[in-house]
Amino acid sequence: MKELLIGKLNWQALPHEWFTLGGAAALLGLGLFLIILITRLKRWKWLWKEWLTTVDPKKIGIMYFIVAGFMLLRGGLDAIMIWLQQALSSGASHGYLSSDHFQQIFTAHGNIMVFFVAMGFVFGLINFIVPLQIGARDLASPFLNTLGFWLYVGGVLMVNMFFLLGGKYAATGWLAVAPLSSTQFSPGVGVDYMIWALQISGVGTTLGAINFIMTILKMRAPGMKLKHIPLFTWGSLCSMIMAVTVFPLLTATLFLLFLDRYAGMHFFTTTGGGNAMMYTNLIWMWGHPEVYVLILPSFGVFSEVVSVFSRKRISSYTSAVLGMIGVSTLALSVWLHHFFTMGAGADVNAFFGLMTMIIAVPTTVLVLTWIATLYKGRIRFTTPMLWFLGFVGTFAVGGMTGVILAQPPADFQLHNSLFLVAHFHTMVIGGVLWGIFAGLTYWFPKIAGFRLNERIGRYAFWCWLIGFWMAFGPLYILGLMGATRRLDHYTNSSWQPFFIVALLGGLVIMAGVVLQIVQIIASFMQRRQLADTTGDPWDGRTLEWSTPSPAPFYNFATIPKVATRDAFWEAKQLGLPERKYEDIHMPRNTASGIYIAALAFLAGFGFVWHITWLIVAAMLGIVVCVIARTFNEDTEYVLPAQEVEKLEHERAQKALARHQDIHTDTFEEMGLREFVRVAIKWVLDVIRNKRWRTL
C-alpha cells in the first residue's frame with residue numbers, strides 16, 4: 001500500500017547532508033521571501049494577470065531573462081565550488097568535497113549552464129527581439145510560446161528538486177554517459193531527476209523552436225523578403241531549424257535511458273545485450289549541434305552590434321547569411337569527433353576530423369564580414385562593442401584549439417584532458433555568453449526604457465575578460481601537462497599553482513557578475529538620466545528601433561512596409577511614413593501553459609519516484625487541458641483603432657515629458673518599475689529599522 005501511494009519515497013529522501021540542507025534552506029527561504037514580499041505589496045492579482053498568464057512575447061522574454069539569471073548565479077556557485085576543490089585537493093589534502101559530491105556538482109554545473117542559462121537567455125532574446133525586427137505583433141502561436149516557457153520553468157524546478165527530496169544529483173557528467181547512468185552504477189534518483197528536467201525543458205524548446213520558425217517564415221512585415229531580414233533574425237532562424245532537427249534526438253535518447261532505468265530494459269546496458277556506444281552516438285548527435293544552436297543567435301547579435309556601432313551597413317550581408325547557413329549545415333556532421341578514441345576506425349575518424357576543420361570556414365567568413373564592417377567605420381566603443389571585441393580575440397583562440405582537437409592523433413592525447421574543458425568554455429563563454437551580454441546591453445533600452453550605466457558595464461566587461469583568461473588559460477597548460485577533466489584530486493604538486501590561479505580567475509569573474517547586478521540596480525536608480533525618450537538611442541538600423549522604448553504590448557501601431565534591408569535606417573533617410581491606425585487583433589492571456597507545465601512536472605516527479613497513480617493522473621490532466629484549450633474559441637480580442645491612437649498619443653506625451661525631465665514612469669504600462677521601486681523601498685525599510693516582526 002505504501003509503494004502504491006508514495007512509490008520509492010522514504011524518510012531518507014529528506015535533506016540530511018550539509019549541502020542538501022543548505023540548498024533546501026536557500027530555496028525555501030527564497031520562496032518564502034518572495035511570497036511575503038508579494039503579499040506585503042498586494043501584488044498577487046497583478047502578478048497573475050499581467051505576467052504569469054501573459055502571452056506577450058516581450059514579457060515572456062523578460063521572464064526568461066529573470067529565470068536564466070537566477071540559474072546563472074546557481075551554476076556559477078557550482079563553478080566556484082569546483083575550482084575551490086581543485087585548488088585545495090593536492091597530495092595529502094583531499095579538499096572539502098568527497099569524490100561523489102564533486103561529480104554531482106560537476107554534472108549539475110554542466111546541465112544548468114547549457115540547458116537553463118544559455119538556452120534561457122537565447123530564447124529570451126529571440127522572444128523579445130525577433131517579432132520587433134520582422135514587423136510582427138506577436139508569434140505564430142502565443143499559446144505555444146507561453147507553454148514553452150513554463151515547461152522550461154518546470155525543468156528548472158526539477159533540476160533543483162534533489163535538494164528537497166532525493167539527497168543526490170547525477171554524478172555521471174553533464175550528458176549522463178552510459179554505462180555510468182545505468183542503475184548498476186547510479187542507483188539513486190539523481191539521474192532520473194536529470195532525465196526529466198531535460199525532457200520537460202527539451203519539449204518546451206522544441207515547441208518554441210517550431211513557433212519561432214513559423215513566425216519568421218510566415219509573419220514578416222509586408223515586403224520583407226528573406227534577403228531583407230536582419231542578421232539576428234537569420235541567426236535565430238538557423239538556430240531554431242537546428243533545434244527542431246536535433247532536440248527530438250535528445251528526447252528519444254533520454255526516453256530510452258529512462259526505459260533502461262525504469263522498466264529494466266537494455267538499450268545501453270551491455271550486460272543485457274545493449275550497446276553503450278549507441279548512447280554516445282545518439283547523445284552527441286544532439287550535443288555538438290546544440291553548441292551551434294546556442295552560438296548562432298550570438299553571431300546575429302554581434303552582426304547587429306558591429307553594424308550599428310560602426311555606423312555602416314554590414315559588409316557582404318549575403319556572405320554573412322551563407323556563413324550562418326554553412327555553420328548550421330556542417331554542424332550536423334561533426335559529432336563523432338567527441339569519441340575519436342573509441343575505435344570508430346581511421347576512415348570514419350578522418351571524415352569527421354576533416355568536417356570539423358571545414359566548419360571553421362563559414363565561421364571565419366562571419367568574422368571577416370565583421371572586420372570588414374569595422375574597416376573605415378566611425379566606431380563607438382560602447383559596452384556592446386567591448387563585448388564583441390573581447391569575443392573576437394577569445395573566439396580566435398577557441399577556434400585554433402578546436403582545429404587542434406579536430407585532428408584524431410592530437411585528440412587521442414588531449415581528448416579527456418582539461419585542454420578540452422578550456423576549449424569548450426572558450427567557445428561557450430567567449431562566444432555564447434558574451435554574445436548574450438552584448439545583446440542584453442544593446443537592447444536593454446528597448447526592454448526597460450533606459451540604457452545601462454556604461455561605466456559600471458565596462459568594469460564588468462574587464463572583470464569577465466581578465467577573469468576568464470585567469471580561469472581557463474591555466475587549464476590549457478594543465479591539459480598539456482596531463483591533467484584530466486572531472487579531476488577532484490591529484491598527486492602532482494606542480495599542478496596546484498595553476499589550479500589556484502584558475503580559482504582566482506573564477507573569483508574575478510564572480511566580481512564581474514556582481515558588477516552586472518550593481519549595473520542594473522544603478523541604472524534603475526539613474527533611469528531618468530539614462531531614459532530612452534526617442535525609442536532609438538543608438539541610431540539603429542532595424543525595425544525594433546522604430547517602436548517606443550519600452551515597446552507597447554501590440555509592438556506596432558501600424559505594421560511597417562519594407563522594401564530594403566536596414567528598413568528603419570532607410571525610413572529615417574526618406575522620412576517616416578504617416579501613421580494610419582487600424583483595429584488590432586490581440587491574443588488573450590491564458591493560464592493553460594502553467595497548468596500543462598505543472599502537470600508535466602508532476603508526471604516527471606511520479607516517474608522519478610515510481611508513483612504510478614500520480615503519473616496517470618498527471619497525464620490525463622495534460623490531455624484534458626490540451627482538449628479544453630483546443631476547443632476554447634475565446635482566445636482573441638480586438639483593440640479598436642481609436643484605442644490604439646489614444647495609447648500612442650499618451651505615449652508621445654509621456655516621452656515628451658520625460659525628455660523635459662518631468663517625473664513620469666516609463667514602465668507604467670507593465671507595472672514592473674513601480675513594483676521594483678516599492679519592493680526595494682520596503683526591503684530597505686525593514687533592514688534599516690529592524691522591522692523583522694513585520695515579516
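Computed over heavy atoms, backbone and side chain alike; hydrogens, waters and symmetry mates excluded.
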Could you tell me whether the side chain of Ser239 and the main chain of Leu296 form a donor-acceptor pair under 3.5 Å?
no
Note to self: Please verify the inter-ring angle class for Phe472 with Phe468; under 30° counts as parallel, over 60° as perpendicular, anything in between as tilted.
What the structure shows: tilted
- Query: Is Arg458 close enough and on-axis enough to Phe461, meaning under 6.0 Å and within 45°, for cation-pi?
  - Reply: no
Would you call the rings of Phe19 and His101 parallel, tilted or perpendicular, taking 30° and 60° as the class edges? parallel
Checklist entry - If only atom types and distance count, is the side chain of Thr253 paired as donor or acceptor with the main-chain N or O of Leu249 below 3.5 Å? => result yes
State, yes or no, whether a side-chain contact exists between Phe340 and His415 at a heavy-atom distance under 4.5 Å. no
With distance as the sole test, does Gln407 use its side chain to make a donor-acceptor pair with the main-chain N or O of Leu354 at under 3.5 Å? no
For this session: Please tell me if the side chains of Val308 and Arg380 come closer than 4.5 Å, counting only heavy atoms from C-beta onward.
Result: yes
Across all chains, not counting sequence neighbours, the side chain to side chain contact (heavy atoms under 4.5 Å, CB included) partners of Val361 are none
Under 3.5 Å, side chain of Ser93 to main-chain N/O of Leu88, donor-acceptor pair present? yes
Leu97 vs Asp488 side-chain heavy atoms within contact, under 4.5 Å = no
Next item on the list: May I ask you to check whether Phe65 and Phe128 place their ring centers less than 6.0 Å from one another?
Entry: no
Exercise. When the ring planes of Phe391 and Phe302 are compared, do they come out parallel, tilted or perpendicular, using 30° and 60° as the limits?
Worked result: parallel
In this structure, CG of Asn453 is separated from CZ of Phe444 (nearest 0.5 Å) by 11.5 Å
Original post:
Distance only, no hydrogens: is a donor on one side chain within 3.5 Å (strictly under) of an acceptor on the other, for Thr426 and Tyr476?
Top reply: yes
query = Can any side-chain N or O of Thr20 pair as donor or acceptor with the backbone N or O of Pro15 at less than 3.5 Å?
reply = no
Strictly distance-based, threshold 3.5 Å: is any side-chain N or O of Gln496 a donor or acceptor partner for the main-chain N or O of Ala87? yes
Across all chains, not counting sequence neighbours, the ring pair (Phe, Tyr, Trp, His ring centres under 6.0 Å) partners of Phe309 are Tyr442, Trp538
Would you say the side chain of Asn281 lies within less than 4.5 Å of the side chain of Trp335, judging by non-hydrogen atoms? yes
Q. Mind checking whether Val189 and Met161 have side chains closer than 4.5 Å, heavy atoms only?
A. no
For Phe339 and Met277, the nearest pair of non-hydrogen atoms, with its separation, is CD1-CE, 3.1 Å
Next on the checklist: More than 12 heavy atoms of other residues, nucleotides or ligands under 6.0 Å from OH of Tyr96: yes or no?
Outcome noted: yes
For Tyr292, the side chain to side chain contact (heavy atoms under 4.5 Å, CB included) test, sequence neighbours excluded, returns Met242, His288, Ile295, Val327, Ala331, Ile359
To the nearest 0.5 Å, atom CD1 of Ile456 lies from atom OG of Ser523 at 6.5 Å
Distance col, row Ile200:CD1 vs Ile195:CD1, nearest 0.5 angstrom, shows 11.5 Å
Rounded to the nearest 0.5 Å, the OG atom of Ser99 sits from the CZ atom of Arg486 at a distance of 14.0 Å
In short, salt bridge (Lys or Arg N to Asp or Glu O under 4.0 Å) pairs touching residues 184-194 with sequence neighbours left out are Asp192-Arg261
Look only at the side chain of Gln86 and the backbone of Leu487, and say whether a donor-acceptor pair between them is shorter than 3.5 Å.
yes
>> Counting only heavy atoms not in Gln526 (residues, nucleotides, ligands), do more than 12 fall under 6.0 Å from its CD?
In response: yes
Tightest non-hydrogen contact, residues Ser181 and Ser186, listed as CA-OG, 4.2 Å
For residues 82-109, the salt bridge (Lys or Arg N to Asp or Glu O under 4.0 Å) pairs (sequence neighbours left out) are Asp100-Lys168
(request) For residues Ser303 and Met324, determine if any side-chain heavy atom of one lies less than 4.5 Å from a side-chain heavy atom of the other. (result) yes
Flag, side chain of His109 to backbone of Gly75, donor-acceptor distance under 3.5 Å = yes
Check your understanding: Can you tell if the side chain of Trp464 reaches within under 4.5 Å of the side chain of Val513, non-hydrogen atoms only?
Key -> yes
Original post:
Taking the side chain as C-beta and beyond, is there a heavy-atom pair between Leu164 and Leu28 under 4.5 Å?
Top reply: yes
Practice prompt. Please confirm whether the backbone N or O of Phe524 pairs with a side-chain atom of Arg527, one donor and one acceptor, at under 3.5 Å?
Written response: yes
For Gly505 and Met470, the nearest pair of non-hydrogen atoms, with its separation, is CA-CB, 3.5 Å
Side chain to side chain donor-acceptor pair (under 3.5 Å) filter on Tyr193, not counting sequence neighbours, yields Trp609
Residues Leu366 and Gly323: closest non-hydrogen pair is CD1-C, 4.2 Å
In terms of heavy-atom contacts, Ser298 and Gly435 come closest through OG-CA, 3.7 Å
Heavy-atom closest pair (Gly390 atom, Thr394 atom, distance to 0.1 Å) is O-OG1, 2.9 Å
Value for SG (Cys463) from CG (Leu515), rounded to nearest 0.5 Å, stands at 5.0 Å
Give the ring-plane orientation class for Phe115 versus Trp286, where under 30° counts as parallel, over 60° as perpendicular and anything between as tilted.
-> parallel
Is it true that atom CH2 of Trp462 has more than 12 heavy atoms of other residues, nucleotides or ligands lying nearer than 6.0 Å? no
message: Counting neighbours of CE on Met342 that are heavy atoms of other residues, nucleotides or ligands and sit closer than 6.0 Å, is the number greater than 12?
response: yes
Separation between OG (Ser182) and OH (Tyr279), nearest 0.5 Å, reads 11.0 Å
Practice task
Give a yes or no answer on whether the side chain of Asp411 reaches the backbone of Ala406 with a donor-acceptor pair at less than 3.5 Å.
Solution key: no
